[in-house]
Amino acid sequence: MRFRFQFRLVPFIAALLLALLGIALGNWQQGRAAQKLAVQEKLTAFALAPPVALGPNLTPAASLEYRRVTVTGEFVADWPLFLANRPMAGRSGYYLVMPFKIADSSTHVLVMRGWLPREAEYGKLPAFATPSGTVRIEGIVSGTAGHVMDMGKAAALAPRAIVQNIDPQSVASATGLKLQPFFVQQTGLAQAGDTLLRAWPAPSSGIDKHRGYAFQWYALAAMAVLFFVVTGFRSGAKQGDARKHDAGRSEAGSR
């Protein structure tokens, strides 16, 4: 049996588009993996470096992101914000975010103090303690507080508001405070009366997941090309068999 490849335009276009889509998405996932690998390398290097003392001068987030910092001042106790839909260890809850006034200045920074469980009663906020007076905290600078899908219209920023997402600029507008353009994820063990958990998710997690997704997209692209080639040869073989059959019928009819 002789196999012939039959080129068909429509299947070729479909296979080409699917292959290009698979390659593009595979490259995107590889890029995400590379970004997170770079973050992981930064985190490893910064973990060994001494913490930086955060001062009142406004500093771009990019120059401090992922750095360990210390900051002295006091919490603005009447402006707690609760970031909803932040699960931890399989439990639903909130991230507690509060402005922190840097000592001897009018500059503030948003501190992600930790995680609190959601109460069973809808709308009831969990209890927490806030240290009074001047304190010194340690943390890691983060450009964002993470992002989740907004469920409906975003709530107005107000003290004790439950919101999905925030950024320093919007909080500065709502509070009138001068804010650093980043967050500080507070680290360290809980103090007496502190019920907050601080097992922050690593921003570099998921590298293997992205690589796995990339492999799947590349495999899809390869399968699209292979399917086009195999079906082309099959079509050619079937066409050859059909011609032989027609020729046989014509010969039989002539007899």
Side-chain angles (χ1 to χ4, degrees), residues 31-77 79-81 83 86 88-89 93-116 128-147 165-172 175 177-208 210:
R32 292 284 292 144
Q35 290 174 3
K36 291 193 173 184
L37 183 60
V39 170
Q40 187 178 68
E41 292 172 350
K42 280 187 177 182
L43 289 171
T44 301
F46 291 158
L48 301 175
V52 176
L54 184 62
N57 295 330
L58 296 183
T59 307
S63 63
L64 285 175
E65 193 163 27
Y66 311 124
R67 292 295 301 266
R68 294 169 56 220
V69 296
T70 61
V71 57
T72 302
E74 56 186 307
F75 286 102
V76 181
W79 255 101
L81 296 169
L83 293 184
R86 267 46 178 207
M88 185 173 289
Y94 310 95
Y95 286 165
L96 174 62
V97 181
M98 295 178 66
F100 187 87
K101 185 177 181 294
I102 301 175
D104 302 321
S105 75
S106 60
T107 304
H108 298 69
V109 63
L110 289 175
V111 175
M112 300 172 64
R113 293 190 56 198
W115 180 88
L116 291 166
F128 62 94
T130 301
S132 59
T134 301
V135 294
R136 179 179 178 272
I137 64 171
E138 295 184 3
I140 296 175
V141 172
S142 177
T144 72
H147 187 85
N165 302 290
I166 58 173
D167 59 78
Q169 184 176 1
S170 61
V171 177
T175 61
L177 300 175
K178 179 183 177 183
L179 284 172
Q180 294 279 9
F182 49 76
F183 297 83
V184 172
Q185 290 182 343
Q186 188 175 353
T187 57
L189 299 176
Q191 304 296 322
D194 189 352
T195 58
L196 294 156
L197 299 180
R198 301 191 177 100
W200 302 109
S204 60
S205 62
I207 295 175
D208 290 338
H210 288 296

Worksheet item: How far apart are the closest heavy atoms of Pro181 and Pro168, and which atoms are they?
Response: C-CG, 3.8 Å
Worksheet item: Counting N and O atoms only, with roles assigned by atom type, does the side chain of Arg68 sit under 3.5 Å from a partner on the main chain of Pro50, one being a donor and the other an acceptor?
Response: no
Worksheet item: Is there a donor-acceptor pair closer than 3.5 Å between any side-chain N or O of Gln180 and the backbone N or O of Thr59?
Response: yes
Worksheet item: What's the verdict on side-chain contact (heavy atoms from CB on, under 4.5 Å) for Leu196 and Leu116, showing C-alpha distance, side-chain angles and the deciding distance?
Response: CA-CA 6 Å; Leu196 294 156; Leu116 291 166; 3.4 Å; yes
Worksheet item: Side chains of Leu110 and Pro99: closer than 4.5 Å at any heavy-atom pair?
Response: yes
Worksheet item: Is there a donor-acceptor pair under 3.5 Å between the side chain of Thr175 and the backbone N or O of Val171?
Response: yes
Worksheet, complete the sentence: Value for CD (Gln185) from CD1 (Ile140), rounded to nearest 0.5 Å, stands at 6.5 Å
Worksheet item: Heavy atoms, side chains only, cut-off 4.5 Å: are Val109 and Val111 in contact?
Response: yes
Response to the item:
Residues passing the side-chain hydrogen bond (donor to acceptor under 3.5 Å, both in side chains) test with Thr72, sequence neighbours excluded, are none
Item to complete: Sequence neighbours left out, what passes ring pair (Phe, Tyr, Trp, His ring centres under 6.0 Å) with Phe182? Give chain and number order.
Response: none
Worksheet item: Where do Gly139 and Val184 come nearest, in terms of heavy atoms and distance?
Response: CA-CG1, 3.8 Å
Worksheet item: How many angstroms lie between NZ in Lys178 and NE2 in His108, if you round to the nearest 0.5 Å?
Response: 10.5 Å
Discussion item. Test side-chain contact (heavy atoms from CB on, under 4.5 Å) on Arg113 and Ile137; report intermediate values, then the result.
Written reply: CA-CA 10 Å; Arg113 293 190 56 198; Ile137 64 171; over 6 Å; no
Response to the item:
For Val76 and Met98 the tightest heavy-atom approach is O-CE, 3.5 Å
Item to complete: Decide yes or no on side-chain contact (heavy atoms from CB on, under 4.5 Å) for Leu177 and Lys101, but give the supporting numbers first.
Response: CA-CA 9 Å; Leu177 300 175; Lys101 185 177 181 294; over 6 Å; no
Fill in: Nearest heavy-atom neighbours spanning Val135 and Pro131
CG1-CB, 4.0 Å
Discussion item. Are Leu64 and Leu54 packed together at the side-chain level, in the sense that at least one heavy-atom pair is separated by less than 4.5 angstrom?
Written reply: yes
Worksheet item: salt bridge (charged side-chain N to carboxylate O under 4.0 Å, His left out): which pairs involve residues 133-147, sequence neighbours left out?
Response: Arg136-Glu138
Practice prompt. Provide the closest heavy-atom pair for Glu65 versus Gly143 in the form atom of the first, atom of the second, distance.
Written response: OE2-N, 3.0 Å
Discussion item. Determine whether a donor-acceptor pair (N or O, by modelled atom type, separation under 3.5 Å) exists between the side chain of His147 and the backbone of Ala145.
Written reply: no
Worksheet item: Among all residues two or more places apart in sequence or in another chain, which pass the salt bridge (charged side-chain N to carboxylate O under 4.0 Å, His left out) test with Glu74?
Response: none
Worksheet item: Heavy-atom distance under 4.5 Å between the side chains of Leu96 and Pro80, does that happen here?
Response: yes
Worksheet item: Counting N and O atoms only, with roles assigned by atom type, does the side chain of Trp115 sit under 3.5 Å from a partner on the main chain of Arg86, one being a donor and the other an acceptor?
Response: yes
Worksheet, complete the sentence: Applying ring pair (Phe, Tyr, Trp, His ring centres under 6.0 Å) to Trp200 and not counting sequence neighbours gives Tyr95
Discussion item. Applying ring-ring contact (aromatic ring centres under 6.0 Å, His included) as the test, list every pair that has at least one member in residues 55-76; sequence neighbours left out.
Written reply: Phe75-Phe100
